[in-house]
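Residue numbers start from 1 in every chain, and the chains themselves are labelled A, B, ... in the order their sequence lines are given, proteins ahead of strands. The basis for the numbers below is simple: all heavy atoms, side chains too, and nothing from hydrogens, waters or symmetry mates. Values in this document were obtained by computation on a predicted structure and should not be read as measured data.
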Amino acid sequence: MDHTGAPDFAALQAAISQGTTRDLVYFVFDQLFADNEDLRPLPLAERKARLKALVAKAPANIRFVDHFLSAGEAVLKSACRMDLEGIVSKRLDAPYRSGRGDSWVKCKCRQGHEVVIGGWTTTGDAFRSLIAGVNREGQLVYVGRIGTGFGREALARVMPRLKALETDASPFKGKGAPKKAAGVHWVRPELVAEIEYAGFTGDGAIRQASFKGLREDKPATEVQAEAPAATGLREPARASVLPRGSRPVMGVTISQADKPLWPDANDGKPVTKFDLARYYEAVGAWMLPHVKGRPCSMIRMPDGINGAQTFFQRHGAKGQSALITEVEVWGDRKPYLQFDRIEALVAAAQSGAVELHPWNCAPFAPEQPGRLVFDLDPAPDVDFAAVIESAREIRDRLAQLGLVSFCKTTGGKGLHVVTPVMGQGVDWPAAKAFARDLCKAMAADAPHRFLLNMAKKERAGRIFLDYLRNDRMATAVAPLSPRGRPGAPVSMPLGWGQVKKGLDPATFTVRTVPALIAKSTVWEDYCDGERPLGLAIQRLGEVEGESPILENPDHAFVAVPYVNIRPSMGGGNHIDMEPDYGRPYHFQKSWIKQGLKTDPSNLRIMHVEGDSMTPTLNSGDVVLVDTSRRMPTPPGIFVLHDGMGLVAKRLEHIPNSDPPQVRIVSDNTHYSPYERLVDEMNIVGRIRWFAREM
DNA sequence: GCGGCTA
DNA sequence: TAGCCGCAACGCTAA
DNA sequence: TTAGCG
């Protein structure tokens with residue numbers, strides 16, 4: 001089952017091929033025999049009743065497939081709304097007969113979930129996409145390419161099958177058939193793939209198709225093009241039972257559909273609730289991958305952007321649409337909102353959600369960084385050209401560190417630079433530290449252009465580099481989310497080619513964006529742009545040039561982020577450091593082996609006599625003091641910071657350990673802000689690493 | 001927009 | 001029953 | 001420590 005508890009064909013295949021079948025659930029829907037008794041002549045109702053009684057005594061991973069005794073159409077509709085594949089309707093009084101007959105009917109929510117593989121494409125040696133078709137009147141007709149959804153493993157399974165079937169001639173016939181070109185390989189049309197897709201392009205090809213698995217049980221000849229109207233979720237009729245003023249969008253009732261939320265979308269016409277719902281419907285397929293699987297708050301303005309009511313909602317509430325997922329998040333009592341399907345976005349529109357603000361975690365992994373967002377927030381008097389210039393600079397700096405980035409408007413005067421990352425093994429404090437350091441480096445190189453401090457935002461014609469979007473529970477406005485501001489602007493994804501003179505964020509509105517995004521290819525390689533964040537962090541460290549650790553077994557080590565330390569050059573051979581909190585530190589220059597450039601403001605790493613710190617520090621202890629939090633450090637409590645955001649409290653030398661090791665002393669629990677982190681992270685292991693490094 | 005609480 | 005009231009919560013900096 | 005900010 002997938003995370004929502006719905007059956008997932010791709011997951012089933014993966015589980016079988018990996019042999020991880022422990023969590024599989026076995027669904028039983030009919031019983032043909034009981035011991036030696038043949039139940040097939042019995043009516044279905046009778047068979048299912050017996051089966052239900054039987055399964056009641058079975059283990060929990062064997063489940064009885066219940067049924068609805070009601071109008072099939074209504075059941076189908078809600079099944080489709082729940083993202084299920086479809087329903088099977090059966091005659092209650094019919095005996096069991098093999099094969100197709102008139103005693104049962106299958107209705108799918110969407111068709112075209114299966115396609116025939118007619119070839120694949122490569123760039124160089126690397127696999128690019130599958131070329132897919134369906135049978136229509138005896139010919140294999142091209143329906144599009146499938147470029148995503150392949151795990152490394154799935155690919156490894158599929159490639160040999162493809163190569164075995166490779167042939168010189170294209171299997172496709174008819175108009176629109178793909179031409180032979182460099183990197184195109186044909187196969188005999190025998191493999192069937194299960195896919196998912198977001199809709200159709202103008203010329204009828206499948207859009208945003210992703211691979212779910214090979215369909216071993218189905219011969220290619222059975223994959224027929226069907227008349228589009230024959231199946232699929234029909235638009236619900238304008239039922240007369242709907243209250244006055246209400247109108248459905250994707251099956252979701254929009255009440256007060258004509259109520260204006262924005263008085264004017266820069267075209268003199270108001271944007272109504274209905275318009276907003278249709279907007280989400282139109283851009284949902286594009287938007288969803290950036291929202292799905294992440295806790296997401298919404299800004300709701302049920303009375304419009306000038307209405308009295310404006311509020312922020314992050315938790316589920318009573319009476320909210322069942323289409324919206326609720327997710328439990330560590331450390332929060334109430335479940336968060338999450339939007340996992342387009343209908344959920346439409347439901348958001350019904351509740352007056354004019355903005356969506358998802359977390360930046362990896363999908364369905366709330367603790368893991370999935371993207372970084374750099375928010376360029378210009379002071380009012382800054383020329384937009386400077387913002388553009390700066391976004392490109394961030395892109396270049398990220399590229400130097402091996403990261404791929406994408407740009408979007410914020411819907412206001414700023415720009416967002418978004419970089420998808422693989423955050424495995426990197427926690428949020430580390431990711432944030434990375435974002436901060438990168439922004440700090442920019443500000444250091446051009447202090448007249450940038451500042452990191454939001455409080456001084458209004459000062460001078462500078463751009464506020466807001467790295468604080470990059471934290472566990474921090475959010476940034478979603479791509480394609482509207483903004484609750486005059487003109488109904490949208491946070492518009494851009495190609496870097498558009499990020500140049502003449503770009504006007506105000507042209508992207510709820511009205512204009514659906515058409516623009518439909519024929520746009522911007523961000524199409526967003527998923528391929530994922531790069532390991534850990535590596536980038538390492539590289540940034542190398543660029544900055546210092547190791548945070550310095551060896552000297554005779555002394556305690558202290559790494560002090562210089563930002564909050566005011567060094568006073570005392571001349572001679574010592575330096576006094578006066579932190580904002582705590583007592584001053586006294587350093588002999590001769591103690592410093594590395595990491596100190598001639599300019600004392602570059603001072604980051606130094607070691608110090610145990611004495612001058614505090615009496616509780618033993619010689620040989622490893623202590624990195626994180627003063628960036630600007631918190632008074634109570635006597636005897638130390639905070640450990642490995643330059644990647646690790647935080648701990650007091651450390652103690654482990655006697656006779658070789659290499660020298662330290663451990664956390666878990667007393668003084670009154671100092672709680674760090675408590676959580678200490679428990680949360682596997683700190684001891686990393687401290688060992690520290691000790692080894694030394 | 002809507003459920004829950006209060007006047 | 002009409003009307004009112006929530007509907008978030010971080011880190012960071014200046015005061 | 002608090003207020004203000006995004």
Side-chain angles (χ1 to χ4, degrees), chain A residues 243 245-246 252-257 259 261 272-274 276-277 295-304 307-324 326 329-337 346-361 366 373-380 410-414 416 428-429 431-433 435-436 439-440 443 451-459 463-477 483-485 561 563-564 580-581 626-632 645 647 673-674 676-677:
Chain A
S246 297
V252 180
T253 303
I254 304 298
S255 65
Q256 306 224 61
K259 179 196 262 193
L261 294 182
T272 64
K273 252 180 85 183
F274 184 71
L276 178 64
C296 180
S297 22
M298 43 185 182
I299 294 182
R300 296 176 53 186
M301 304 187 178
D303 302 324
Q309 298 267 59
T310 290
F311 58 91
F312 202 104
Q313 183 178 346
R314 40 185 1 207
H315 297 127
K318 262 171 212 159
Q320 93 187 357
S321 166
L323 296 165
I324 299 170
E326 292 189 351
V329 167
W330 189 89
D332 207 337
R333 6 181 81 73
K334 284 191 291 179
Y336 261 74
L337 299 173
V346 178
Q350 158 58 15
S351 73
V354 295
E355 299 189 11
L356 296 176
H357 293 248
W359 284 19
N360 292 313
C361 57
V373 178
F374 297 87
D375 181 7
L376 298 166
D377 197 354
T410 59
K413 296 180 49 196
H416 280 170
W428 270 117
K432 184 162 90 167
R436 189 229 296 130
C439 291
K440 193 179 277 178
L451 79 173
L452 268 64
N453 181 339
M454 62 183 105
K456 286 185 191 157
K457 180 177 164 4
E458 296 306 315
R459 261 201 240 155
I463 296 170
F464 168 39
L465 297 178
D466 182 3
Y467 66 91
L468 290 169
R469 308 300 92 229
N470 304 297
D471 211 342
R472 191 178 86 106
M473 306 182 82
T475 63
V477 72
R483 304 307 300 265
R485 304 177 186 185
V563 274
N564 297 313
D580 288 329
Y581 294 91
D626 176 7
T627 56
S628 66
R629 285 167 185 274
R630 205 64 84 75
M631 291 230 196
V647 184
Y674 294 118
R676 208 168 78 186
L677 288 155

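Going from atom CG of A/Leu452 over to atom C1' of C/dG11 covers 13 Å, rounded to whole Å. Atom pair A/Asp375:CG and C/dG11:C1' shows a separation of 15 Å (rounding to whole Å applied). Rounded to whole angstrom, the span from the CZ atom of A/Phe464 across to the C1' atom of C/dC12 amounts to 9 Å. Distance A/His357 NE2 to C/dC7 C1': 15 Å, rounded to the nearest Å.
Residues that satisfy the side-chain hydrogen bond (donor to acceptor under 3.5 Å, both in side chains) test with A/Asn470, not counting sequence neighbours, are absent from this structure. Scored by the side-chain hydrogen bond (donor to acceptor under 3.5 Å, both in side chains) test, A/Thr272 finds A/Asp275 as partners (sequence neighbours excluded). Taking A/Ile299 as the reference, A/Met301, A/Thr310, A/Phe312, A/Val354, A/Glu355, A/His357 meet the side chain to side chain contact (heavy atoms under 4.5 Å, CB included) condition, with sequence neighbours excluded. When the side-chain hydrogen bond (donor to acceptor under 3.5 Å, both in side chains) test is applied to A/Tyr467, no partner is found at least two apart in sequence or on another chain. With sequence neighbours left out, A/Arg314 forms a salt bridge (charged side-chain N to carboxylate O under 4.0 Å, His left out) with no residue at all.
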**Message:** If you apply the rule side-chain contact (heavy atoms from CB on, under 4.5 Å), what do you find for A/Met473 with A/Tyr336, and how did you get there?
**Reply:** CA-CA 11 Å; A/Met473 306 182 82; A/Tyr336 261 74; 3.5 Å; yes
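Using a 4.0 Å cut-off, some side-chain N or O of A/His315 falls inside it from OP1 or OP2 of C/dA8. A close approach under 4.0 Å does not occur between any side-chain nitrogen or oxygen of A/Asn453 and OP1 or OP2 of C/dC12.
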**Request:** Produce a footprint string for nucleotides 1-7 of chain B: one letter per nucleotide, 5' end first; B if the base is under 4.0 Å from any protein heavy atom, S if only the sugar-phosphate is, - if neither.
**Result:** BSSS---
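A gap of 23 Å separates the P atoms of C/dC7 and D/dG6, to the nearest Å. A gap of 15 Å separates the P atoms of B/dG4 and C/dA8, to the nearest Å.
Across D/dG6, C/dA8, C/dG11, the shortest atom-to-atom separation from the side chain of A/Lys432 is found for C/dG11.
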